[in-house]
Amino acid sequence: MLGRRRFHAAARRLNVHAVHQQFTSPPDLQYRQSVMKARTDCTEMLNKFDKSSYLLAHYIPEPARDTWMAIRCFLLEVNKISDSNTRANSQFQANVGVGLLDVKFKFWEELLQKVFLGGYQKPLGEPVATLLRDGINKELNLDIDMFQQILTSRLHYLKNTSKLGFKNMDEVCSYGEGIYSQSNYLTQRLLLSPNISPSAVELLEQAPFLETNLTEVAAHLGQATGVATMLIGLKYYATTQNHIPLPLDLMAKHDLSQEQLLRLFHGYLEGSDLTRTSDQLSNVVFDVATTANDHILTARQKFDQLKQGICQVLDVDQAHNEFLQSRAQNWTKKVPDVLYVPFMSSIPTQLYLSKLEKYNFDINNGNLQSKDWKLAWKSYSNYSRRSI
């Protein structure tokens, strides 16, 4: 498994790759218009392709909201990249010497370099890049290494795992760590920018051990999201790409082959073969979903430790830090918004796993595809109670 990235005192130092220059000239009209257009484009992208993030964006502090939307849209863009073995791709590779897949990832790698190392108002012409650059201009914490890790993990998946399949659940969780845990780390780092929540920054300076809890919660929730996302996309990959992303060891455990599953998803099985294969698939899905749920349970335990640690810091430091004590009075359940909100990205995963259990882990049940009206209520409830 990919090693878990430490939080690296997010609020206290900036990534060396993100050169925060001290700009004195205010943004011109053209720059402001480009940011407004990028904001509109990213909002529409989330509304169309990621309703959960579109709703959860309202919990992000306004100064960081544009940048957070850019992070979520970056995930969408990267996850849309696929390895298409079309005639056009083969011809392109024969003529140019590289495949379209490499070209697409090279585009994002170079664009990130422009975002983090480019000039203040230099036009980028891409909504995600424009909002990320605007966040850097506002001296918000961003880390190019985490973006690059997402690209690396996705590219490795497309070039290797998507062809050979996940060998086991460890590889699935590793993929979740490389994509979704990194996204959680990015959100944590962003919201711990000094100009977003000085009190939370002060808290972590008083108790650096809390950073470990933060990182561990984000890591487990990211891995759970990665596992659940694999299940959500199972039918799509089977019907459009003839690819089964389920772990090979679990399929072997339940005597299930990829050929059987492809025939099932394409509607070629009938009678007893259909019943037997559907039952075998439900058993595999149950095992996979159990792993995702285990990560969520572990994240809850780590989050409880985090809340206990915050209470201990406030109790011990009661007579020494008036600034921290005064701000802590406004923290819901004694947990700052900026420490809790990054964990809300796991709420859609939890709702999906609950729905999957309700329908007996039948991945083909049509009710799994219906919109979940509970997200708005669940997100507000969890936010108010500070629960995962």
Determine whether Val313 and Phe209 make a side-chain contact, defined as any pair of heavy atoms from C-beta on separated by less than 4.5 Å. yes
Test side-chain hydrogen bond (donor to acceptor under 3.5 Å, both in side chains) on Gln206 and Glu202 and set out the steps. CA-CA 6 Å; Gln206 294 293 323; Glu202 179 73 16; 3.1 Å; yes
Given side chain to side chain contact (heavy atoms under 4.5 Å, CB included), test Gln350 with Asn293 step by step and report yes or no. CA-CA 8 Å; Gln350 297 176 50; Asn293 191 61; over 6 Å; no
Is Asp134 reaching over with its side chain to a backbone N or O of Thr130, donor-acceptor style, under 3.5 angstrom? no
Would you say the rings of Phe265 and Tyr236 are close, in the sense that their centroids are separated by under 6.0 Å? no
Is there a side-chain contact between Leu356 and Ile363 in this structure, where contact means two heavy atoms from C-beta onward sitting under 4.5 Å apart? yes
If you apply the rule side-chain hydrogen bond (donor to acceptor under 3.5 Å, both in side chains), what do you find for Ser381 with Arg385, and how did you get there? CA-CA 6 Å; Ser381 175; Arg385 295 184 294 111; 3.1 Å; yes
Does Ile179 offer a backbone N or O that forms a donor-acceptor pair with the side chain of Arg154 under 3.5 Å? no
Would you say Glu357's side chain and Ser354's backbone share a donor-acceptor pair under 3.5 angstrom? no
I need the Asp66 CG to Ile60 CD1 distance, nearest 0.5 Å. 11.5 Å
Step by step, would you call Lys333 with Lys307 a side chain to side chain contact (heavy atoms under 4.5 Å, CB included)? CA-CA 9 Å; Lys333 304 294 184 180; Lys307 291 190 287 187; 5.8 Å; no
Is there a side-chain contact between Val172 and Val288 (heavy atoms, below 4.5 Å)? no
Closest approach of Ile244 to Ala238 (non-hydrogen atoms, all atoms of both residues): CD1-CB, 3.7 Å
Distance col, row Leu155:CG vs Asp102:CG, nearest 0.5 angstrom, shows 6.5 Å
Which label fits Tyr383 and Tyr59: parallel for a plane angle under 30°, tilted from 30 to 60°, or perpendicular past 60°? tilted
For atom NZ of Lys80, is the number of surrounding heavy atoms from other residues, nucleotides or ligands below 6.0 Å larger than 12? yes
Any donor-acceptor pair under 3.5 Å linking the side chain of Ser326 with the backbone of Phe323? yes
Would you check if the side chain of Gln305 reaches a backbone N or O of Asn213 as a donor-acceptor pair within less than 3.5 Å? no
Asn184 and Ser345: side-chain donor and acceptor closer than 3.5 Å? yes
Please check if the side chain of Tyr340 supplies one atom and the backbone of Ile388 the other of a donor-acceptor pair under 3.5 Å. no
Test log, rule side chain to side chain contact (heavy atoms under 4.5 Å, CB included), inputs Cys173 and Thr291: CA-CA 9 Å; Cys173 293; Thr291 299; 3.9 Å; yes
4.5 Å side-chain heavy-atom contact, Ser197 and Val201: no
Rounded distance (nearest 0.5 Å) linking atom CE of Met146 with atom CD of Gln182: 6.5 Å
Are Tyr268 and Leu262 in one and the same hydrophobic cluster, where Ile, Leu, Val, Met, Phe, Trp and Tyr link if side-chain heavy atoms are under 4.5 Å apart? no
To the closest 0.5 Å, what do you measure between CD (Gln223) and OG1 (Thr298)? 9.5 Å
Verdict with reasoning, Glu62 to Arg65, per salt bridge (Lys or Arg N to Asp or Glu O under 4.0 Å): CA-CA 5 Å; Glu62 194 278 332; Arg65 191 172 299 154; 5.7 Å; no
Are the aromatic rings of Phe74 and Trp108 close, with centres under 6.0 Å apart? yes
Separation between CZ of Phe166 and CE of Met251, rounded to the nearest 0.5 Å: 13.0 Å
Compare all side-chain heavy atoms of Leu214 with those of Leu204 and state whether any distance is below 4.5 angstrom. yes
Report yes if the side chains of Asn382 and Phe343 come closer than 4.5 Å at any heavy-atom pair, otherwise no. no
Looking at Asp255 and Arg276, is any side-chain nitrogen of the basic one under 4.0 Å from a carboxylate oxygen of the acidic one? no
Connected via hydrophobic side-chain network under 4.5 Å: Leu132 and Met36: no
Which is it for Tyr54 and Phe49 under the ring-ring contact (aromatic ring centres under 6.0 Å, His included) test, yes or no, and what are the steps along the way? CA-CA 9 Å; Tyr54 177 77; Phe49 299 109; over 10 Å; no
Would a single hydrophobic cluster contain both Leu297 and Ile347, if residues Ile, Leu, Val, Met, Phe, Trp and Tyr are joined by side-chain heavy-atom contacts under 4.5 Å? no
Student check: side-chain heavy atoms of Ile196 and Pro63 closer than 4.5 Å: yes
Locate the shortest heavy-atom distance separating Tyr180 from Gly222; write the atom from each residue and the value. CB-O, 3.4 Å
Answer yes or no: is there a donor N or O on one side and an acceptor on the other, between the side chain of Ser34 and the main chain of Tyr31, under 3.5 Å? yes
Salt bridge or not between Lys253 and Asp287? Use side-chain N to carboxylate O under 4.0 Å. yes
Please step through side-chain hydrogen bond (donor to acceptor under 3.5 Å, both in side chains) for the pair Arg327 and Asn330, ending with a clear verdict. CA-CA 6 Å; Arg327 294 301 180 91; Asn330 298 321; over 6 Å; no
Which heavy atom of Gly135 sits nearest to which heavy atom of Thr67, and what is that distance? CA-OG1, 3.5 Å
For Lys374 and Lys355: C-alpha separation, side-chain torsions, deciding distance, then whether side chain to side chain contact (heavy atoms under 4.5 Å, CB included) applies. CA-CA 11 Å; Lys374 294 181 180 179; Lys355 190 186 295 186; over 6 Å; no
Working to the nearest 0.5 Å, report the span between CG of Leu264 and CD of Glu259. 12.5 Å
Counting C-beta onward and ignoring hydrogens, is there a side-chain heavy-atom pair between Arg39 and Met69 closer than 4.5 Å? yes
Check against side-chain hydrogen bond (donor to acceptor under 3.5 Å, both in side chains), Arg72 and Ser183: CA-CA 8 Å; Arg72 302 306 298 180; Ser183 171; 3.0 Å; yes
Could you tell me whether the side chain of Ser193 and the main chain of Asn141 form a donor-acceptor pair under 3.5 Å? yes
Which is it for Arg386 and Asp304 under the salt bridge (Lys or Arg N to Asp or Glu O under 4.0 Å) test, yes or no, and what are the steps along the way? CA-CA 10 Å; Arg386 289 295 194 260; Asp304 287 341; over 6 Å; no
Is the side chain of Ser174 donor-acceptor paired with the backbone N or O of Asp170 at a distance under 3.5 Å, no angle test? no
Classify the angle between the aromatic ring planes of His220 and His295 as parallel (below 30°), tilted (30 to 60°) or perpendicular (above 60°). tilted
Does any N or O in the side chain of Ser153 come within less than 3.5 Å of the main-chain N or O of Ile150, such that one atom is a donor and the other an acceptor? no
